[in-house]
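Below you'll find the structure, written out as structure tokens, and then a few comments.
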Amino acid sequence: MKRVFRLLALSLAIALALPACRGEAPVDSAASAKPEETGGSAKGDFGPPQGQPVEAILTAPPLVPPATGRTAPAKVIVSLDVVEKDMEISEGVTYTFWTFGGTVPGSFIRIRQGDTVEFHLRNMPDSKMPHNIDLHGVTGPGGGAASSFTAPGHVSRFSFKALNAGLYVYHCATAPVGMHVANGMYGLILVEPPEGLPKVDKEYYVMQGDFYTTGKYREKGHQPFNMEKAIDENPTYVLFNGMEGSLTGDKALKTNVGETVRLYVGNGGPNLVSSFHVIGEIFDKVWYEGGTRFQENVQTTLIPAGGAAMMEFHMEVPGSYVLVDHSLFRAFNKGALGILKADGAENKAIYSGKEVDAVYIGDRAQPNMQAVSAAASSAKAGALSVEEQIQAGKALFTGTCSTCHQADGTGMAGVFPPLAASDYIKADPKAVPRVILHGLVGPVKVNGKDYNSNMPPMSQLTDDEVANISTYVLNSWGNPGGRVTKADAAAARAAKPANASEGH
Ligand SMILES: [Cu+2]
């Protein structure tokens with residue numbers, strides 16, 4: 001009898017153990033592994049605020065406020081100023097931004113689900129426009145917009161209870177709404193779940209936006225907003241954190257090998273959706289759409305206009321990781337590019353290669369383009385020297401021409417002719433701006449060697465850029481010297497030669 005019982009117990013144990021051996025979860029934990037619903041807003045009210053009201057800590061991008069660390073609902077006071085101000089959108093290019101808190105994107109707000117937020121929106125007295133705020137984390141018509149319409153020099157106040165956890169976009173919703181958003185009026189509010197978020201080593205705040213200026217990409221000086229381009233959804237700039245270079249050079253995001261990084265990434269739009277990608281990394285986790293669940297092992301995540309996502313990854317190998325919108329012309333020709341720099345010891349078992357270099361980041365590999373803006377301001381003052389043109393042209397040559405003609409102008413045998421001591425240039429120095437703007441096809445002989453290839457036209461460059469690059473080439477590597485002016489570049493643009501390239 002005793003034996004029979006033992007046998008029974010044994011077979012029962014085997015039966016129970018078997019599914020686990022086949023890698024299946026036991027019956028009752030399978031039920032709990034099924035995604036559990038949070039209950040949404042219906043279960044997000046944890047009762048009235050407790051304790052003294054707290055002032056929310058707001059941070060400017062790319063910084064994120066510390067975790068709330070709270071275990072009970074609180075009354076949180078958020079004071080946000082609307083500031084209209086001129087800032088650089090690219091080196092030497094200014095733009096009149098409309099901001100929440102003086103930055104693009106606006107200040108990062110961090111609260112906990114169940115908190116009651118008392119929102120103070122102040123529109124600075126020197127503003128020219130009325131503004132308001134629509135927070136996607138608010139339950140209620142307009143997300144706060146109707147209660148927060150604020151004329152210059154006024155303050156409005158409204159309250160809401162944060163019933164849903166998640167990462168939410170906020171933005172101005174004053175007509176014309178698209179224009180207020182295009183001018184930089186958006187940011188993120190994180191509503192932590194009651195238990196908070198898992199601890200990580202580094203947290204950063206990045207937000208994409210598309211911008212519409214009357215002038216070309218990188219055309220110097222003050223650039224006004226262009227409504228027509230905005231309606232056509234044809235941005236001049238697509239940027240992270242409101243300025244080309246906001247996350248490169250000295251301003252790159254920083255981390256260390258062995259650390260876990262969490263990015264809070266939003267997309268203000270107003271028009272484009274972002275195919276957000278970090279070159280050289282795989283997102284271990286993505287809380288897609290800023291919601292409650294995560295997906296694992298993701299290469300590129302889609303961030304809609306007016307949406308957000310959180311992503312986490314562990315750093316194994318040191319080097320520069322490039323943040324891009326993988327709609328690549330936006331990254332390389334409109335500015336949507338940032339760098340996350342990881343310091344630490346090499347790990348050749350995981351990656352044997354060298355650090356990412358100019359191959360991907362081109363002229364953004366340099367800390368800044370100071371020489372270019374110096375030349376621009378001198379030009380504006382009517383005092384541009386040849387030396388300044390050379391310095392600016394050198395910065396621009398890197399990443400624009402050097403990919404083919406090499407940094408030292410020697411070219412590549414049989415493929416890219418040399419610019420160094422080129423008899424082609426010597427014979428006709430004025431050909432340089434023409435070749436840059438219209439490209440070159442068909443047979444050419446340079447320093448006794450034949451080439452028959454295709455240089456694509458680089459008409460995206462401004463007249464200033466063409467003048468400076470040409471002047472740099474003319475004054476380098478044993479070329480005859482001289483100068484190409486902005487007017488020369490404009491004339492070269494207007495005159496299309498017979499051997500122009502139509503591109504590849
Ligand atoms: Cu506004």
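Nothing here was measured: the structure is a model prediction, and the numbers come from that model. All ligand and atom numbering here is 1-based and tracks the order in the structure.
Inter-residue side-chain proximity for Glu118 and Pro53 is flagged as unmet; no heavy-atom pair is nearer than 4.5 Å. Side-chain contact between Val372 and Leu396 is present, with at least one heavy-atom pair separated by less than 4.5 Å.
Salt-bridge annotation for Lys216 and Glu465: absent, with no side-chain N of the basic residue lying under 4.0 Å from a carboxylate O of the acidic one.
The Cu ion (ligand 1) lies closest to atom ND1 when only the N/O/S atoms of His180 are considered.
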Check the pair His171 / His136 against ring-ring contact (aromatic ring centres under 6.0 Å, His included), numbers first and verdict last. CA-CA 8 Å; His171 62 90; His136 291 180; 5.1 Å; yes

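At a cut-off of 2.8 Å, Met185 coordinates the Cu ion (ligand 1) through an N, O or S atom.
Take the Cu ion (ligand 1) as the corner point: the lines to SG of Cys172 and to ND1 of His131 open at 140°, to the nearest 10 degrees.
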